[in-house]
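All values derive from a computational prediction rather than experimental measurement.
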Amino acid sequence: MHQGRTTLSKFLIQQLKGSPEQNDLAALLVDIAACIKAISAMTSKGMLGDVLGSLDTTNVQGETQKKLDVLSNVAFINTFSMGGLVAGLASEEVDDPQEIDPRDGSGRFLAIFDPLDGSSNIDVNVSVGSIFSILRAPEGRTPTLDDYLRPGSVQLAAGYAIYGPATMMVITVGKGTHGFTLDREVGNFILTHPHIEIPADTSEFAINASNERFWEPPVQRYVTECKAGKNDVRGRDFNMRWIASMVAEVHRILMRGGVFMYPRDMKDPSKAGRLRLMYEANPMTMVVEQAGGLGSTGRSRILDISPEEIHQRVPVILGSRNEVERIERYHRDYDSGADQRYTSPLFQERSLFAN
Ligand code: AFP
């Protein structure tokens with residue numbers, strides 16, 4: 001038994017008391033925790049649960065769907081549809097936002113989520129996760145698309161589940177970032193990581209280095225300096241990680257610091273980045289910034305972006321504050337022309353990216 005350790009429900013009652021909206025937000029997070037337990041049970045079965053492998057369907061992103069993508073999406077949609085706390089939802093796996101039948105209760109919130117992040121890892125038994133973002137729903141009327149397209153700074157809550165060796169749920173309601181570990185024997189999330197703080201400095205970076213030739217010069221400059229190590233401008237050696245599950249990278253950064261980068265690149269100039277603003281960048285940035293880190297596109301704060309579409313992609317640079325600020329400085333140096341050392345032929349057309 002966890003003598004004196006707080007459960008998620010008790011923690012939320014303490015953090016969210018005093019208004020009907022706060023009470024409902026606590027109840028919604030408890031519902032999300034139940035959904036995460038169900039997904040955790042599915043992922044932990046692996047091949048024994050007939051939940052692995054791909055379907056012959058693609059999602060709105062044009063990505064082949066894994067069985068667990070669909071099963072996790074259904075789990076979240078059922079949770080929000082039956083909980084009576086949500087007026088509408090938007091999912092990575094669904095083309096357009098969906099209204100929840102008001103007969104199931106007048107929901108105060110909008111739920112935006114990536115039901116299974118990192119799903120290309122599920123068949124090789126590498127950690128995957130779920131990411132969620134909670135916004136306030138409009139009062140007295142049906143939600144419209146504009147009600148979803150709000151800057152990340154107005155999120156009421158955000159968090160993720162990581163289905164790793166342990167299943168954990170990490171959340172913020174704007175009062176710090178806190179981690180809970182699932183005790184499978186009793187089915188409770190136990191507060192194991194209160195008030196998580198990301199070290200401001202780090203010697204660990206995460207990026208998919210196979211894209212290096214496509215990066216913008218400021219990112220090439222930063223990674224080149226990290227690789228050059230202690231005999232160069234950084235004066236210390238760096239380590240690199242790449243798990244290809246954003247949830248796992250962000251969780252590592254919350255636990256020991258680091259910087260995660262999925263920058264804009266020339267591989268597909270029509271894409272502003274790979275990661276999606278509404279259900280990856282925004283919720284993860286709220287979690288990271290509530291833990292003392294920073295989330296940036298390299299040129300602007302992620303939480304200040306005014307969304308234009310629900311599946312909008314953005315460049316993502318997030319983690320230890322001093323490293324993210326350095327990478328932003330390198331972007332300013334490049335955009336102002338102060339630093340031409342890393343200009344590559346791919347980026348001769350400065351205006352291409354300098355917006
Ligand atoms: P999947 O959900 O399709 O596996 O994508 C995961 C992800 O969105 C994010 O979690 C990873 O950080 C990133 O993509 C990995 O991208 P690469 O496969 O290009 O490294």
Side-chain angles (χ1 to χ4, degrees), residues 90 92 112 114 131 133 135 145-146 148-156 158 172 174 177 198 200 202 205-208 211 214-223 225 246 249-250 253-254 258-340 342-343 346-347 349-355:
E92 179 191 22
I112 308 172
D114 179 357
I131 309 172
S133 169
L135 299 176
L145 180 59
D146 284 346
Y148 292 87
L149 299 180
R150 309 296 315 287
S153 55
V154 304
Q155 291 174 101
L156 295 176
T172 180
T177 292
I198 300 174
T202 182
F205 67 94
I207 193 166
N208 182 337
N211 296 323
F214 299 117
W215 298 334
E216 288 190 83
V219 173
Q220 289 178 333
R221 173 184 174 188
Y222 176 77
V223 173
E225 289 177 356
M246 184 190 195
E249 316 275 9
V250 171
I253 287 168
L254 283 165
V259 59
F260 168 83
M261 295 168 277
Y262 212 111
R264 169 180 265 169
D265 64 43
M266 277 288 280
K267 193 188 278 187
D268 180 350
S270 68
K271 283 185 182 174
R274 174 184 169 96
L275 302 177
R276 278 63 56 133
L277 174 62
M278 299 307 294
Y279 40 79
E280 289 170 331
N282 272 345
M284 288 311 218
T285 298
M286 183 179 182
V287 165
V288 162
E289 293 201 350
Q290 283 289 318
L294 271 185
S296 172
T297 65
R299 293 183 168 92
S300 60
R301 186 168 174 252
I302 284 174
L303 296 184
D304 294 338
I305 296 173
S306 293
E308 292 168 8
E309 55 182 59
I310 204 73
H311 298 293
Q312 172 175 345
R313 297 175 190 265
V314 290
V316 176
I317 295 162
L318 61 76
S320 292
R321 172 175 293 274
N322 293 345
E323 291 302 304
V324 176
E325 286 176 345
R326 173 184 289 267
I327 297 165
E328 289 183 319
R329 187 168 71 250
Y330 288 6
H331 280 78
R332 288 194 299 274
D333 290 350
Y334 173 68
D335 291 344
S336 67
D339 175 48
Q340 295 303 301
Y342 289 81
T343 300
L346 284 175
F347 296 94
E349 295 301 317
R350 180 188 312 288
S351 60
L352 202 58
F353 282 137
N355 58 16

Which pair of non-hydrogen atoms, one from Leu149 and one from Glu309, has the smallest distance, and what is that distance? CD2-C, 3.6 Å
Could you check if a side-chain atom of Tyr262 sits within less than 4.5 angstrom of a side-chain atom of Glu280, using non-hydrogen atoms only? no
With distance as the sole test, does Thr177 use its side chain to make a donor-acceptor pair with the main-chain N or O of Val287 at under 3.5 Å? yes
Would you name the heavy atoms of Ile317 and Val324 that are closest together and state the gap between them? O-CG1, 4.0 Å
Please say which of His331, Lys271, Arg264 ends up in a side-chain contact (heavy atoms from CB on, under 4.5 Å) with Pro315. Arg264
ring-ring contact (aromatic ring centres under 6.0 Å, His included): pairs with one or both residues in residues 267-296, sequence neighbours excluded: Tyr279-His311
Partners passing side-chain hydrogen bond (donor to acceptor under 3.5 Å, both in side chains) against Arg150 (at least two apart in sequence or in another chain): none
Closer than 3.5 angstrom, by distance alone: can the side chain of Glu289 be matched with the main-chain N or O of Thr285 as a donor-acceptor pair? no
Is there a side-chain contact between Ser296 and Arg301 (heavy atoms, below 4.5 Å)? no
Lys/Arg-Asp/Glu bridge criterion (N-O < 4.0 Å) met for Asp339, Arg221: yes
What one should report as the nearest heavy-atom pair of Arg321 and Gly293 is NH2-O, 3.5 Å
Between Leu318 and Gly295 the two heavy atoms that sit nearest each other are CB-CA, 3.8 Å
For residues Gly258 and Ile253, report the shortest heavy-atom separation together with the two atoms involved. O-CG2, 3.6 Å
Electrostatic pair Glu328:Arg299 at N-O distance under 4.0 angstrom: no
Would a 4.5 Å heavy-atom cut-off, applied to side chains only, mark Phe260 and Leu275 as touching? yes
Side chains of Arg274 and Arg313: does their closest heavy-atom pair fall under 4.5 Å? yes
What's the shortest heavy-atom distance between Gln155 and Leu135, and which atoms? CA-CD2, 3.8 Å
